[in-house]
Amino acid sequence: MSTVVTRFAPSPTGLLHIGGVRTALFSWLYARHHGGKFILRVEDTDRERSTEEAVKVILDGMAWLGLSADEGPYYQSRRSNRYREVLTQMRASGHAYYCYCSKAQLEELRSRQLAAKQKPRYDGRCRDLKETRAGAEPVIRFRNPTDGEVVVDDQVHGRVMFQNSELDDLIIARSDGTPTYNFCVVVDDLDMGVTHVIRGDDHLNNTPRQMNMLLALGATPPVYAHVPMILGADGAKLSKRHGAVSVLQYQEEGYLPDALLNYLVRMGWSHGDQEVFSRAEMIAAFDIRDVNKAASAFNADKLLWLNQQHMMRSPLATLAGPLRAQLASMGVQTDDLGLLEGVANAQRERCKTLREMAVNSLYFFKDFGAYETKAASKFLNADSAPILQQLSEGLAGLADWDAAAIHATIAAVAERAGAGLGKVAQPLRVAMTGGPVSPPIDLTVSLLGRERALARMQRALSYTKGPPPAGAPGT
RNA sequence: GCUCCCUUCGUCUAGAGGCCUAGGACACGGCCCUCUCAAGGCUGGAACGCGGGUUCGAAUCCCGCAGGGAGCGCCA
């Protein structure tokens, strides 16, 4: 049985964004589904444009998402010797040759072709040069077949044919001797035993050239799958101006990695009517052959919805850590895991992100400032004072501080006042949280803990007796 | 300009000739539930780019057109 080997090969010239992540995800899923191997390879042959920061985002991003590699990361910048070796071999076998054309000459050729409305391409004038020129610094070109055709049996596009006559002899090594992208990819995929190349469909046009080189090296080309790209929310190509942000920004904004992955896998792929997938479900159901051909636009609302769906389904333990981190970024430190999980449990179906959860849960972790003006005037006034008083007494006398007991107290007060639960819950809610919105009030009170809840009752009670002078600090 | 790719609701998609009065999801509107906010349930509006074929029958097959994208670099 042949083992599947896939790879993700980003170039660290820009920050890893969701487009790259989706490609990585498909490769990873395919390998996992088939029990194969997933390789991470950093294509940093362009030393000018590659940055340390971009490499770090790739590594950190993949780690955060849990897209674990079985091999790598490999760095092309450390494989120069191997490339040189293959270059020599290809020249010896006649599959590659020195080209002495200057950039100026090439530019002249190019503009002449463009003027004649022809496809710009190298005309092969150095193809059959007999001798090497001393002192010159030639590039090395691949001797592409001049006739026949190349058939790409693409897993998502089907059979795509290219005429060799449309291809020219591409440069595989610069005049300084360094190898170029298309060549490195070929050598790497060959050396690393990659069986399935899953990449963006902007590479479909490169594929016949790469296959020809592989053939020249006596290798069997891998299976190719060119996946469509992801567009910005406005339907335009994803770019810095159109929402192309580092994948790590989603972590900062409070998204769960599984939710992001779930969102991304559904772009260009589906499994019946299922929308929410766990990692295991994705792995079990994914097949690269089910991937669509058309590009898809990013939709932030759906990501938000999915994030909430995942928060609602996650074990509380996986929510506590990120929630604590969000709180910390707001200056609230806590190590109370029990409280964090309790709050996450109470809030997860009313928040779209962990950041939103943190923002809406601050009153659980520290005292709030002033009451919200509107809520206070509506619910903390002379009318509600008697109710708050009874609530205060009832709660203070509770033997067990749990939601059920608290609920009973609230119900009893409402009953005695001949009022609906709402008449009691809202004043209590404002007293506890400073505002009119929170999880179920009994749960909220129990989470706050006896001491804190009772103190806030007192604060509310004194507030109803007369608001403090304007500008007075709240507690 | 040349080559290659793509085209179902606003968005993500189902759809492999009759199961389509084109299904689901997000978003939006209405209703229900309800201590607030949510979550949840029900419900409404909303799409096969255009034109020719093939066929008893086409969103599905063929051809053309239009629109969009990619490649054509000593970038990756």
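Convention: sequence-line order gives letters A, B, ...; per-chain numbering from 1.
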Partners meeting salt bridge (Lys or Arg N to Asp or Glu O under 4.0 Å) with [X] (sequence neighbours left out):
X	value
A:R313	none
A:R41	A:E43, A:D188, A:D189
A:E253	none
A:R279	A:D258

TODO: Would you mind classifying the nucleic acid contact of A:S438 as base, sugar-phosphate or nothing, using non-hydrogen atoms under 4.0 angstrom?
DONE: base
TODO: Look at all strands and tell whether A:Q308 reaches a base, only sugar-phosphate, or nothing, counting heavy atoms closer than 4.0 Å.
DONE: sugar-phosphate
Under 3.5 Å, which donor-acceptor pairs link side chains of residues 115-124 of chain A to any protein atom two or more places apart or in another chain?
| unit_1 | atom_1 | unit_2 | atom_2 | d |
| --- | --- | --- | --- | --- |
| A:K119 | NZ | A:E166 | OE1 | 3.2 |
| A:R121 | NH1 | A:S165 | O | 3.4 |
| A:R121 | NH2 | A:S165 | O | 2.5 |
| A:R121 | NH2 | A:L167 | O | 3.2 |
| A:Y122 | OH | A:R125 | N | 3.4 |
| A:Y122 | OH | A:C126 | N | 2.9 |
| A:D123 | OD1 | A:R125 | N | 3.2 |
| A:D123 | OD1 | A:R125 | NE | 3.3 |
| A:D123 | OD2 | A:R125 | NE | 3.2 |
| A:D123 | OD2 | A:R125 | NH2 | 3.2 |

Task: A:H203/A:Y181 aromatic ring centres below 6.0 Å - done: yes
Open item on the list: If the cut-off is 4.0 Å, is A:Q309 near the phosphate of B:rG40, judged by side-chain N/O to OP1 or OP2?
Closed with: yes
Open item on the list: Among A:I406, A:L454, A:V445, which residue satisfies the side chain to side chain contact (heavy atoms under 4.5 Å, CB included) criterion with A:L398?
Closed with: A:I406
Open item on the list: Test of understanding: with ring-ring contact (aromatic ring centres under 6.0 Å, His included), list the residues that count as partners of A:F277, not counting sequence neighbours.
Closed with: A:W269
- [ ] Quick one: list whatever passes ring-ring contact (aromatic ring centres under 6.0 Å, His included) with A:Y30, sequence neighbours left out.
- [x] A:H34, A:H196
Measure all distances between protein nitrogen or oxygen atoms and nitrogen or oxygen atoms of nucleotides 60-63 of chain B, and list the pairs falling under 3.5 Å.
none

Do NZ/NE/NH1/NH2 and the carboxylate oxygens of [X] and [Y] come within less than 4.0 Å?
X	Y	result
A:R174	A:D176	no
A:D367	A:R459	no
A:E53	A:K56	no

TODO: Compare the minimum distances between each of B:rC37, B:rC5, B:rU13 and the side chain of A:V437, then state the nucleotide with the smallest one.
DONE: B:rC37
Task: Candidates B:rC6, B:rA70, B:rU13 - which lies nearest the side chain of A:K237 - done: B:rA70
Can you tell me, in whole Å, how much space there is between the [atom1] of [N] and that of [M]?
N	M	atom1	answer
B:rA47	B:rG24	C1'	14 Å
B:rG18	B:rC61	C1'	15 Å
B:rU7	B:rU60	C1'	14 Å
B:rC42	B:rC50	C1'	39 Å
B:rA22	B:rA14	C1'	10 Å
B:rU55	B:rA16	P	23 Å
B:rC2	B:rU8	C1'	31 Å
B:rU54	B:rA70	P	38 Å

Any protein N or O atoms within reach of nucleotides 72-76 of chain B? Criterion: under 3.5 Å, listing atom names and distances.
| unit_1 | atom_1 | unit_2 | atom_2 | d |
| --- | --- | --- | --- | --- |
| B:rC72 | O2' | A:P120 | O | 2.5 |
| B:rG73 | OP1 | A:R110 | NH1 | 2.4 |
| B:rC74 | O2 | A:S175 | N | 3.0 |
| B:rC74 | O2 | A:S175 | OG | 3.0 |
| B:rC74 | N3 | A:S175 | OG | 3.1 |
| B:rC75 | OP2 | A:R174 | NE | 2.1 |
| B:rC75 | O3' | A:R174 | NH2 | 3.2 |
| B:rC75 | O2' | A:D46 | OD2 | 2.8 |
| B:rC75 | O2' | A:R49 | NH2 | 3.1 |
| B:rC75 | O2 | A:R49 | NH2 | 3.4 |
| B:rA76 | OP1 | A:T45 | OG1 | 3.3 |
| B:rA76 | OP1 | A:R174 | NH2 | 2.2 |
| B:rA76 | OP2 | A:R174 | NH2 | 3.1 |
| B:rA76 | OP2 | A:Y181 | N | 3.2 |
| B:rA76 | O3' | A:E43 | O | 3.2 |
| B:rA76 | O2' | A:S11 | OG | 2.9 |
| B:rA76 | N1 | A:N206 | ND2 | 3.4 |

Open item on the list: For nucleotides 16-26 of chain B, give me one character per nucleotide, 5' to 3': B if any protein heavy atom sits under 4.0 Å from the base, S if the only such contacts are to the sugar-phosphate, - if neither.
Closed with: -------BBBB
- [ ] Report, as a single string ordered 5' to 3', how protein heavy atoms within less than 4.0 Å touch nucleotides 46-51 of chain B: B base, S sugar-phosphate only, - not at all.
- [x] ------
Task: First of A:D290 and A:Q118 reached from the 5' end of RNA chain B, by closest nucleotide - done: A:Q118
Task: First encountered from the 5' end of RNA chain B, between A:Y263 and A:P440 - done: A:Y263
Open item on the list: Does the structure show a Watson-Crick or G-U wobble partner for B:rC56, both distances under 3.5 Å? Name it, or say none.
Closed with: B:rG18
- [ ] Using side-chain hydrogen bond (donor to acceptor under 3.5 Å, both in side chains) as the criterion, list what pairs up with A:Q163, not counting sequence neighbours.
- [x] A:E149
Open item on the list: Exactly one of A:R209, A:R141, A:R143 should register a salt bridge (charged side-chain N to carboxylate O under 4.0 Å, His left out) with A:D168. Which one does?
Closed with: A:R209
